[in-house]
Amino acid sequence: MSWETVIGLEIHVQLATESKIFSSAPTAYGAAPNTQANVVDLGFPGVLPVLNEEAVKLAVRFGLAVDAEIAGRSVFARKNYFYPDLPKGYQISQYELPIVAGGHVDIVDDEGVPKTIRLTRAHLEEDAGKSVHDQFPTQSGIELNRAGTPLLEIVSEPDMRTAGDAARYMRKVHELVRYLGVSDGNMQEGSFRCDANVSVRRAGSDTLGTRAEIKNLNSFRFIEKAINFEVERQIDLIESGGAVVQETRLYDADLDETRAMRGKEEANDYRYFPDPDLLPVVVEESTIAAIRDSLPELPEQRRARLESMGLKTEEADTLGSQRALADYFDAVVENAD
């Protein structure tokens, strides 16, 4: 029996702001635990969030670079769920009216054929804290420095068919957000991580299978390994007479396997409603135009130009993926003239 894999990714990008999305607390990495979360991040009674303008501009910057539609008016909502590292009991995110809608990222698939990955949306939200399980023998710790850090969640359509596609798409988004200065993209520090939605279906079918979501993948190698394991798990399960359960899973790199964490929630489980403490976000056309004018030459455009100057494809690829190096190269060429 022949099977087809269907993959969509949700990439979480920590935005390159000096303070958090709704408070003045700093976002610098490496501070002592629980020293960079203030009363707004912790949801103390009577405090009010204030939106970070720079986070909005960075989201618009990304949206314009991927040919997306920028919403003149977007809305923040409360996403309600309990987690020990979510002190407010809800996360401020965007749901029905995100700031970025549509867009695309182009990759080359396993066969070397150009392929377009459509984007559903990119929305702003705050990060949660972090549960720490490996520092105390019988307890878990809660580290809240990350609570309130600004994120851009980039949601793709289920357009990928192989783990290789997913890894290349993830690399392309990583390259772009770093190139634009939207994020430092440091995967070891959690600035760039991904959830993979994976399902399988009979070859030729148009019906999507039941998906599993693999959480918090922060390595290009791990995303391929996790998806490949999950695909085989689902096929084996179905062919043996079982059924795939919609759930959230984690990837254990040491054992090279995915394991169930919890049942996968649907949107209605989160009881979204507009955040009463935040006004709608209005982005003027003049602001969008100014950000568009400030965009640098994008990586693909730069690669094409460098090749037209006589550079080999490999050389153009290297320069095109590293903006500072490419800027230096252009400056040397200009001064040589």
Report the distance from atom OG of S131 to atom CD1 of I142, rounding to the nearest 0.5 Å. 3.5 Å
Is there side-chain contact between R305 and M309, with heavy atoms separated by less than 4.5 Å? yes
Decide yes or no on side chain to side chain contact (heavy atoms under 4.5 Å, CB included) for E285 and I288, but give the supporting numbers first. CA-CA 5 Å; E285 281 296 329; I288 296 172; 4.2 Å; yes
Would you mind checking if D85 and K130 are paired as a salt bridge, meaning a charged N to carboxylate O distance below 4.0 Å? no
Before accepting this row, confirm whether a basic side-chain N of the pair E126/K88 lies closer than 4.0 Å to the acidic partner's carboxylate O. yes
Same cluster or not: Y270 versus F273, using hydrophobic residues (I, L, V, M, F, W, Y) connected whenever any side-chain heavy atoms lie under 4.5 Å apart? no
Strictly distance-based, threshold 3.5 Å: is any side-chain N or O of S156 a donor or acceptor partner for the main-chain N or O of L9? yes
Is there a side-chain contact between P150 and L124 (heavy atoms, below 4.5 Å)? no
Using a strict 4.0 Å threshold on nitrogen-to-oxygen distance, state whether R303 and D317 make a salt bridge. yes
Heavy-atom count check: over 12 atoms from other residues, nucleotides or ligands less than 6.0 Å from E300 CD? yes
Report yes or no: does T27 contribute a side-chain atom to a donor-acceptor pair with the main-chain N or O of T17 at less than 3.5 Å? yes
Which is it for R259 and E257 under the salt bridge (Lys or Arg N to Asp or Glu O under 4.0 Å) test, yes or no, and what are the steps along the way? CA-CA 7 Å; R259 294 200 302 274; E257 66 178 21; 3.6 Å; yes
NZ (K57) with more than 12 external heavy atoms under 6.0 Å: no
Any salt bridge between R201 and E4, counting N to O under 4.0 Å? yes
Under 3.5 Å, is there a donor-acceptor pair between the side chain of D256 and the main chain of A253? no
Do H104 and T116 pass the side chain to side chain donor-acceptor pair (under 3.5 Å) test, and can you show the C-alpha distance, the side-chain angles, and the key distance before you say yes or no? CA-CA 7 Å; H104 63 91; T116 294; 5.0 Å; no
What do the steps show when you test I291 against L64 for side chain to side chain contact (heavy atoms under 4.5 Å, CB included), and what is the final call? CA-CA 8 Å; I291 295 172; L64 292 172; 3.9 Å; yes
Lys/Arg-Asp/Glu bridge criterion (N-O < 4.0 Å) met for R233, E239: no
Just verifying a value: how many Å separate L325 CG and L319 CG, rounded to the nearest 0.5 Å? 5.0 Å
Rounded to the nearest 0.5 Å, what separates atom CD1 in I107 from atom CG in D159? 9.5 Å
Keeping N197 on the side-chain end and I7 on the backbone end, is there a donor-acceptor pair under 3.5 Å? no
Run the side chain to side chain contact (heavy atoms under 4.5 Å, CB included) test on I99 and Q94 for me, step by step, so that the C-alpha distance in whole Å, both residues' side-chain angles and the decisive distance to 0.1 Å come before the verdict. CA-CA 8 Å; I99 191 164; Q94 292 186 316; 3.8 Å; yes
Donor-acceptor contact below 3.5 Å, side chain D41 vs main chain G148: no
With salt bridge (Lys or Arg N to Asp or Glu O under 4.0 Å) as the test, would you mind laying out the steps for E157 and R121 before giving the verdict? CA-CA 9 Å; E157 291 289 313; R121 59 192 280 146; over 6 Å; no
Residue pair I214 / L250, side-chain heavy-atom distance below 4.5 Å: no
Checking H174 now: which residues fulfil ring pair (Phe, Tyr, Trp, His ring centres under 6.0 Å) with it, not counting sequence neighbours? F192, F220
Backbone of L298 reached by a side-chain donor or acceptor of Q301 within 3.5 Å: yes
Do F62 and L58 come close enough that some side-chain heavy atom pair is under 4.5 Å? no
To the closest 0.5 Å, what do you measure between CZ (R61) and CD (E54)? 9.0 Å
Check for me, please, whether V155 and V182 land in the same ILVMFWY cluster - side-chain distances under 4.5 Å, paths through other members count. no
Donor-acceptor contact below 3.5 Å, side chain T35 vs main chain A32: yes
Exercise: identify the closest heavy-atom pair between N34 and N145: N-OD1, 3.1 Å
Looking at every non-hydrogen atom in both residues, tell me the closest pair between S93 and H123 and how far apart they are. OG-CD2, 3.5 Å
Between T318 (side chain only) and E314 (backbone N and O only), is there a donor and an acceptor less than 3.5 Å apart? yes
Separation of S23 OG from L51 CG (nearest 0.5 Å): 11.5 Å
Taking atom OG of S219 and atom NZ of K225, what is their separation to the nearest 0.5 Å? 9.5 Å
Steps toward side chain to side chain donor-acceptor pair (under 3.5 Å) verdict (S199, Q234): CA-CA 8 Å; S199 65; Q234 291 187 21; 5.6 Å; no
Y272/F76 aromatic ring centres below 6.0 Å: no
Run the side chain to side chain contact (heavy atoms under 4.5 Å, CB included) check on V75 and Y95 step by step: do they pass? CA-CA 8 Å; V75 173; Y95 178 50; over 6 Å; no
Are the side chains of Q14 and E189 in contact, using a 4.5 Å heavy-atom criterion? no
Give the minimum heavy-atom separation between E307 and A316, together with the two atoms involved. CG-CB, 3.6 Å
Do T162 and D109 pair up side chain to side chain, a donor and an acceptor below 3.5 Å, judged on atom types alone? no
Honestly curious: do M170 and V13 fall in one hydrophobic cluster under the side-chain, below-4.5 Å linking rule? yes
Less than 4.5 Å apart, any side-chain heavy atom of S321 and any of Y179? no
Would you mind checking if E213 and R249 are paired as a salt bridge, meaning a charged N to carboxylate O distance below 4.0 Å? no
Test salt bridge (Lys or Arg N to Asp or Glu O under 4.0 Å) on E175 and R171; report intermediate values, then the result. CA-CA 6 Å; E175 173 189 273; R171 287 181 187 273; over 6 Å; no
Do side-chain atoms of D127 reach the backbone of R146 as a donor and acceptor pair under 3.5 angstrom? no
Short question: side chain of Y83, backbone of A128 - any donor-acceptor pair under 3.5 Å? no
Hey, are K115 and D165 close enough for a salt bridge, meaning a charged N less than 4.0 Å from a carboxylate O? yes
Just checking F44: does its CZ atom have more than 12 heavy atoms from other residues, nucleotides or ligands closer to it than 6.0 angstrom? no
Strictly below 4.0 Å, N to O, side chains only: are D277 and R78 in salt-bridge contact? yes
Nearest heavy-atom approach of I21 to A55 is CG1-CB, 4.3 Å
Does S183 reach the side chain of R178, with side-chain heavy atoms less than 4.5 Å apart? no
Shared hydrophobic cluster for I117 and L180 (ILVMFWY, side-chain gaps under 4.5 Å): yes
Quick check: do D195 and L217 have side-chain heavy atoms less than 4.5 Å from each other? no
Under a 4.0 Å threshold between the charged nitrogen and the carboxylate oxygen, would D330 count as salt-bridged to R302? yes
Report yes or no: do L278 and L97 belong to one cluster of Ile/Leu/Val/Met/Phe/Trp/Tyr joined by side chain heavy-atom distances under 4.5 Å? no
